Structure formats: structure tokens, C-alpha cells
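Below is one structure; the comments refer to it alone.
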Amino acid sequence: MNDRKTALVLGAGGFIGTHLVTDLKRQGFWVRGVDIKHPEYSETDADEFIIADLSTEAGMAAAMDRIFDETYQLAADMGGAGYLFTGENDAQVMRNSSLINLQLLKALEHHQATKVFYASSACVYPEHNQMSSDSPTIAEDTVYPAAPDSDYGWEKLYAERLYLAHVRNSSLDARIARFHNIFGPMGAWDNGKEKVPAAICRKVAQATEGGSIDVWGDGKQTRSFLFIEDCLTAVRKLMDSNVGAPINIGSSEMVSINQLADKVISISGKSLTISHIEGPQGVRGRGSDNRLIEASLDWRPQVPLNDGLRTTYAWVDKMANID
Ligand code: NAD
């Protein structure tokens, strides 16, 4: 390890965590990754990988047995609309994720560690400001009065407050990102936790020529999607900045789910139609408001949506068609 800077990545077996570990290694960090499972779709690039349940005191003690220069907290129960918006997983989502954050704050205090990154979510924003598909209100300072549309969002908002309270009352130095639909290869694609880009890529990859794919609802609900590489650049900029307040990390380019599906179908080269079926949809419209991040970090997404989708589709297609 010598004089290399050290990083601890919690949730290093997940989608963003796997990519973050690789990125931190590229930056020269010595990295310990921790998760309850190994990455599912690739080897980890971490120097050391520990399997632990971070919601327990013993698990967190194994993960953080000493001080790290930077700690990244991404471990959470996470999923797409099919996992987060049905209500069936609410207790597990809230209990597991809050325990992880509480255990981490105790451990950070114990080791007098200061620099921590926390992955919050666009799901913290009030549902009533996202009822229209073309003009949602998602600026950072519109989060209160609080009214997230899911218990996942409420837990994220509570956790933001938990970190901010520790910043006020201790020497903790936190950076908090509200991620908006990050996508790319090596994310969940078929286990019930997949988010819309991976789900659509899978449906298209598995569809037979001339067939159709299912889209939940009328497909006119809008979202924005940020490719993983752009997300990692923003995280680095945020960590190197003095921006202590929660900040959006996402794309401001809103597309409807129908448009997203059309793009993936066109990338596949197949001739497919879209069939609309009942299913959980979440808010009507959401896209990142990037005025704050552009002004304070001079960051903008660089990867066009089509390019990110092409890379992701190629990966999902390979996964879906492995014999
Ligand atoms: P992910 O599900 O792929 O990764 C989360 C990881 O946390 C998983 O590998 C899981 O095993 C691990 N984990 C959960 N409970 C654990 C426990 N008790 N002990 C140890 N590990 C545990 O999700 P992701 O897409 O990589 O998201 C990373 C973070 O970013 C999460 O906090 C998520 O809420 C947040 N986020 C992601 C997005 C997105 O678009 N991907 C959007 C908003 C917020």
C-alpha cells in the first residue's frame, strides 16, 4: 500500500460499485471492496474484497477495521420499478439500507475518518412535482416539503439527513450525490432488480424478429439516463470539490420510455413493435436538473444516450444469448 491513497467501497459487488472500484484503481488508489456478494458479471479490480453483511456491527467492523482516505457508501437494496414500486420490498429496503448507514456512521466516528461519499437518489424528490411528463421540478432545493413517491426515496432522504447531521455535529466531511438512472454494462438485467434500460435491452435481445416487446403503462412516462462513465467523472469531481450539499448527478435529456424502446430496437436492427401492458411506472416525468452541478463542478454528460445504449445493448445481448 505504501503511500498510495486508500479507498473503501461499500456495495462493491453491485453495478456502480464494480465500475467505481475500477475507476479508483485507475486513479491510483489502493481499494478495498466490500459487499454481501461478489460482482456477478466480472472479476473485481479491488486489491482486496471482503464479503460481509454491512447492516451488522460485525460486518461493518470487518469492512472498516482502520481509517481509509475515502469511503464510498453505495450498499443498499436497490432495483427498478418492479422491485421498488410494488410495495412488496419496502420493509427490507428501509431496514437494510438504514442499518448500513447507521453502522457506517458509527464506524467512521470510531476511526475518526472524515471523507465519505453517499449515494442518494432522484427518488427523494416530491412526487407532486413530477406529475407531468415534460416539466418536472427537480432542482436540489425543491426536495422539501418532502413527499417522495416510495419508501426507498424516504430512506434515501433520511440517510442524507443522517450524514448532514453528522457533518454539523462532528468532523465528518460528506459528499452526497442524487443519482438519476445510471446505466451501462454489468448491471442487473434479468433478476427482478433490473432498471428500465437493461430491461428493455433484455426484452429486445430476447425478442424474435417481427415480434413485440412489453412496456409498462402507456410508455409516455419520461426519464433521463446517464451512462456509467459520465457518472464516475461526476463522482470524482464531487469528491474533489467542497460541495457539501446534496447534488444531482444525472442527464437532463428526458426521453419517454417509448422513445427509449425505439432507440434500443433500432440499435438491435430487429423489426419489433411495442405492446403496452399494466405494470408499476413510478412518477410521470423525471429528468435531472443540472444547473447546480454545471455551475459548481463544471460537469456535463459527455456520452450521447445512443452510444451508451449501444454499449449496454451489446453486453445484455451477449448475456441473454449465452447458451
Ligand atoms: P446495486 O444493487 O447493483 O448495488 C448495491 C449493492 O449493495 C449490491 O451489490 C448489494 O449486494 C449490496 N448490499 C445490499 N445490502 C447489503 C448489505 N447488507 N451488506 C453488504 N452489501 C449489501 O445498485 P447500484 O445500481 O450499483 O446502486 C448503487 C447505489 O447508488 C445504491 O445506494 C443505489 O440506491 C444508488 N442509486 C443508484 C441509481 C442507479 O441508477 N443505479 C440511482 C439512484 C441511486
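One-based numbering, in listed order, for ligands and for the atoms of each. The shown structure was predicted, so the numbers you read here are calculated from the model rather than taken from an experiment.
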- Message: Can you tell me how far apart CD1 (I249) and CG (D230) are? Round to the nearest 0.5 Å.
- Response: 10.5 Å
- Query: Looking only at side chains, do T22 and D45 share a donor and an acceptor under 3.5 Å apart?
  - Reply: yes
- Message: Under a 3.5 Å threshold, yes or no: a donor from one side chain and an acceptor from the other, between N181 and K195?
- Response: yes
- Message: Please list, in number order, the atoms of ligand 1 under 4.0 Å from a heavy atom of K195.
- Response: 38 (C), 39 (C), 40 (O), 42 (C)
- Task: Could you tell me whether some N/O pair between I16 and ligand 1 is separated by less than 3.5 angstrom?
- Result: yes
- Query: Which atoms of ligand 1 are found less than 4.0 Å from any heavy atom of S120?
  - Reply: 43 (C), 44 (C)
- Message: One pair to check against salt bridge (Lys or Arg N to Asp or Glu O under 4.0 Å): E209 and K270. What are the steps and the verdict?
- Response: CA-CA 6 Å; E209 175 65 25; K270 294 182 183 178; over 6 Å; no
- Query: Please state which protein non-hydrogen atom is closest to atom 4 (O) of ligand 1 and give its distance, to 0.1 Å?
  - Reply: G14 CA, 3.4 Å
- Query: So is A12 close enough to ligand 1, meaning a heavy atom under 4.0 angstrom away?
  - Reply: no
- Donor-acceptor side-chain pairing of E70 and Y72 below 3.5 angstrom: yes
- Query: Are any of the N/O atoms in D35 less than 3.5 Å from those in ligand 1?
  - Reply: yes
- Would you say G59 contacts ligand 1, with heavy atoms under 4.0 Å as the rule? no
- Message: Regarding atom 29 (C) of ligand 1: of the candidates V196, N101, L74, which has the closest heavy atom?
- Response: L74
- Between Y125 and N248, do the side chains contain an N or O donor and an N or O acceptor separated by less than 3.5 Å? yes
- Message: Test of understanding: given a 4.0 Å heavy-atom threshold, classify the contact between N181 and ligand 1 as side chain, backbone, both, or neither.
- Response: backbone
- Query: Is there at least one pair of N or O atoms, one from A75 and one from ligand 1, spaced under 3.5 Å apart?
  - Reply: no
- Within a distance under 4.0 Å of any heavy atom of A52, pick out the atoms of ligand 1 and give their elements. 19 (N), 20 (C)
- Could you find the nearest protein heavy atom to atom 15 (N) of ligand 1 and give me its residue, atom name and distance? N96 ND2, 2.9 Å
- Message: Looking at non-hydrogen atoms alone, which of F179, F183, F225, Y152 comes nearest to atom 33 (C) of ligand 1?
- Response: Y152
- So how far is it from E253 CD to T222 OG1, rounded to the nearest 0.5 Å? 12.0 Å
- Candidates H38, E40, Q73, K156; heavy atom nearest atom 32 (O) of ligand 1 found on K156
- Item | Lys/Arg cation over aromatic F225: R223, 6.0 Å, 45° cone | no
- Would R95 and D90 count as a salt bridge (Lys or Arg N to Asp or Glu O under 4.0 Å) if you check the C-alpha gap in whole Å, the side-chain angles of each, and the deciding distance to 0.1 Å? CA-CA 8 Å; R95 188 181 60 230; D90 288 350; over 6 Å; no
- Does R178 use its side chain to pair, donor to acceptor, with the backbone of I247 at less than 3.5 Å? no
- Task: Please test E127 against R286 for salt bridge (Lys or Arg N to Asp or Glu O under 4.0 Å), starting from the C-alpha separation and ending with a verdict.
- Result: CA-CA 10 Å; E127 183 173 22; R286 178 180 288 154; over 6 Å; no
- Item | Where ligand 1 meets K37 - atom numbers and elements under 4.0 angstrom, heavy-atom basis | 9 (O), 11 (O)
- Between G11 and ligand 1, is there a nitrogen or oxygen pair with a distance under 3.5 Å? no
- Nearest-contact summary for atom 5 (C) of ligand 1 - protein heavy atom, Å: A76 O, 3.7 Å
- Say whether G13 and ligand 1 are in contact under the criterion: heavy-atom distance to a ligand atom below 4.0 Å. yes
- Item | Atoms of ligand 1, numbered as shown, that sit under 4.0 Å from any heavy atom of L54 | 17 (C), 18 (N), 19 (N), 20 (C)
- Query: Near D53, which atoms of ligand 1 are under 4.0 Å from a heavy atom of that residue?
  - Reply: 17 (C), 18 (N), 19 (N)
- Message: Nearest 0.5 angstrom please: R202 CZ to D190 CG, how far?
- Response: 6.5 Å
- Item | Over-ring placement of K203 relative to W216, 6.0 Å and 45° cut-offs | yes
- At under 4.0 Å between heavy atoms, what of L10 touches ligand 1? The answer is neither
- Query: Any nitrogen or oxygen of H180, main chain or side chain, under 3.5 Å from a nitrogen or oxygen of ligand 1?
  - Reply: no
- Item | Minimum-distance protein heavy atom relative to atom 3 (O) of ligand 1 | F15 N, 2.8 Å
- Task: Step by step, work out the salt bridge (Lys or Arg N to Asp or Glu O under 4.0 Å) result for D240 and R175.
- Result: CA-CA 9 Å; D240 290 343; R175 298 288 175 275; over 6 Å; no
- Please name the residue in the list L10, L20, D35 that meets the side-chain contact (heavy atoms from CB on, under 4.5 Å) test with L74. L20
- Of all the non-hydrogen atoms in the protein, which one sits nearest to atom 37 (C) of ligand 1, and at what distance? M78 CE, 3.5 Å
- Message: Would I100 count as being in polar contact with ligand 1, using the rule that some N or O on each side must be under 3.5 angstrom apart?
- Response: no
- Task: Answer yes or no: is there an ion pair linking E40 with K37, defined by an N-O contact shorter than 4.0 Å?
- Result: yes
- Message: Residue-level breakdown please: for R178 versus ligand 1, do any non-hydrogen atoms fall below 4.0 Å on the side chain, on the backbone, on both, or on neither?
- Response: neither
- Between I36 and ligand 1, does any nitrogen or oxygen pair lie at a separation below 3.5 Å? yes
